[in-house]
Amino acid sequence: MKDTTKHQGLRRQLMETLRKKGISSAEVLQVMTTIPRHFFMDPGLVNFAYEDQAYPIAAEQTISQPYTVAFQSQILEVAPHHKVLEIGTGSGYQTAVLLGLTPHVYTVERQQELFKKTQRLFSQLNLRPKKNVFGDGYKGLPDTAPYDRIIVTAGAPEVPKELLQQLVVGGKLVIPVGVKEQVMFRFTKTSEKTFDKESFGNFRFVPLLNDKN
Ligand code: SAH
């Protein structure tokens, strides 16, 4: 796979679109300027990589819309020393963006087919999350908890308690909550048992699956 000057130009245009849509984090836009989204797309859809749209990947899942990736990354407020857990590796594109913000990234995917495919892609691209796990992210990733930041990239019917537990005090969880449509929430852990909750408008995600579905 190649990253040509044409791809780079399309990417700069896409960043301009994201800026116009309200993305203001210079760090997030800078990182996204450097990541070839076409590497993470289904082979038949690479020509659409720099459209601001979600597209199908394997196992009936989707690569998130660039605006959504930028928005979630921005409100996650990642600093370079933060330990970040991502639930829903999918194509690995959001993981790559997180790795541009901190080297301490842990990611979980529950579809075996996608997990394997993305694991291969990470090694081809020399992307090295601290852990890339096949498992149920509904339960978080207790072995390496706590985390400064947790991001969920699938629509959760409810907020998994385990994820709130696995945050440090002062940590943040960004999660789209809802069944058909989701509201983006950010929880900030203010003490072992208390949380601030902010909401950021409506989004659409594929569902976060749990044991029951
Ligand atoms: N960040 C990804 C988003 C992919 S869509 C990207 O931009 O490509 C959401 C992903 O969450 C899918 O890959 C889906 O398989 C995964 N997922 C759904 N339920 C999950 C769960 N309980 N644990 C971990 N991953 C889950």
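Whatever order the structure lists them in is the order used to number ligands and atoms, beginning at 1. Quick caveat, the model's predicted, so the values are computed rather than measured.
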Can you find a non-hydrogen atom of P207 under 4.0 Å from ligand 1?
yes
Give a yes/no verdict on whether any heavy atom in T89 is under 4.0 Å from an atom of ligand 1.
yes
How long is the straight-line distance from CG of N132 back to OG1 of T95, given to the nearest 0.5 Å?
7.5 Å
Just which atoms of ligand 1 are under 4.0 Å from any heavy atom in Y138?
22 (N)
Ligand-side contact atoms (ligand 1) for residue partner V108, heavy atom cut-off under 4.0 Å:
24 (C), 25 (N)
Show me which atoms of ligand 1 lie under 4.0 Å from any heavy atom of E86.
1 (N)
Atom 4 (C) of ligand 1: nearest protein contact (heavy atom, Å):
T62 O, 2.9 Å
For R11, is there an ion pair with D3 - N to carboxylate O distance below 4.0 angstrom?
yes
Looking only at heavy atoms, what is the nearest atom pair of V97 and V31, with distance?
O-CG1, 3.5 Å
Using a 3.5 Å cut-off and no angle test, enumerate the donor-acceptor pairs between side-chain atoms of residues 71-79 and protein atoms at least two apart in sequence or in another chain.
{"residue": "Q72", "atom": "NE2", "partner": "V152", "partner atom": "O", "Å": "3.0"}
{"residue": "S73", "atom": "OG", "partner": "V69", "partner atom": "O", "Å": "2.6"}
{"residue": "S73", "atom": "OG", "partner": "Q94", "partner atom": "NE2", "Å": "3.0"}
{"residue": "Q74", "atom": "OE1", "partner": "S24", "partner atom": "N", "Å": "2.9"}
{"residue": "Q74", "atom": "OE1", "partner": "S25", "partner atom": "N", "Å": "3.0"}

Could you check, using the six-membered ring where one of them is a Trp, whether H7 and H38 have ring centers closer than 6.0 angstrom?
yes
The atoms of ligand 1 lying under 4.0 Å from a heavy atom of Q94, numbered in the order shown, are 1 (N)
Between L127 and V84, is there shared hydrophobic-cluster membership here, with clusters defined by ILVMFWY side-chain heavy atoms closer than 4.5 Å?
yes
What residue and atom, counting heavy atoms only, is the protein's closest point to atom 13 (O) of ligand 1, and at what distance?
E109 OE1, 2.7 Å
Could you identify the single nearest non-hydrogen protein atom to atom 12 (C) of ligand 1 and state the distance to 0.1 Å?
Q61 OE1, 3.3 Å
Test your reading of the model: is there a side-chain donor-acceptor pair from T89 to the backbone of V108, 3.5 Å cut-off?
yes
At under 4.0 Å between heavy atoms, which part of V206 makes contact with ligand 1: side chain, backbone, both or neither?
side chain
Within a radius of less than 6.0 Å around NZ of K131, do more than 12 heavy atoms belonging to other residues, nucleotides or ligands occur?
yes
Can you tell which of P160, G135, G88, G137 gets a heavy atom nearest to atom 11 (O) of ligand 1?
G88
Between the side chains of K21 and D52, is the shortest nitrogen-to-carboxylate-oxygen separation below 4.0 Å, so that they form an ion pair?
yes
Between the side chains of T190 and T194, is a donor N or O closer than 3.5 angstrom to an acceptor N or O?
yes
Judged by heavy atoms only, the candidate from R110, Q111, Q112 nearest atom 25 (N) of ligand 1 is R110
Assess the side chains of Y147 and T144: does a donor N or O sit below 3.5 Å from an acceptor N or O?
yes
So which protein heavy atom does atom 6 (C) of ligand 1 come closest to, and at what separation?
S91 OG, 3.5 Å
Taking the minimum heavy-atom distance to atom 22 (N) of ligand 1, which of I57, L98, L209 ranks first?
L209
Can you list the atoms of ligand 1 that are under 4.0 Å from a heavy atom of L114?
13 (O)
Give yes or no for whether the N/O distance cutoff of 3.5 Å, strictly under, is met between Y93 and ligand 1.
no
Near S64 (heavy-atom distance under 4.0 Å), the atoms of ligand 1 are 3 (C), 6 (C), 7 (O)
Atom 9 (C) of ligand 1: the protein heavy-atom neighbour that sits closest, reported with distance to 0.1 Å:
T153 O, 3.4 Å
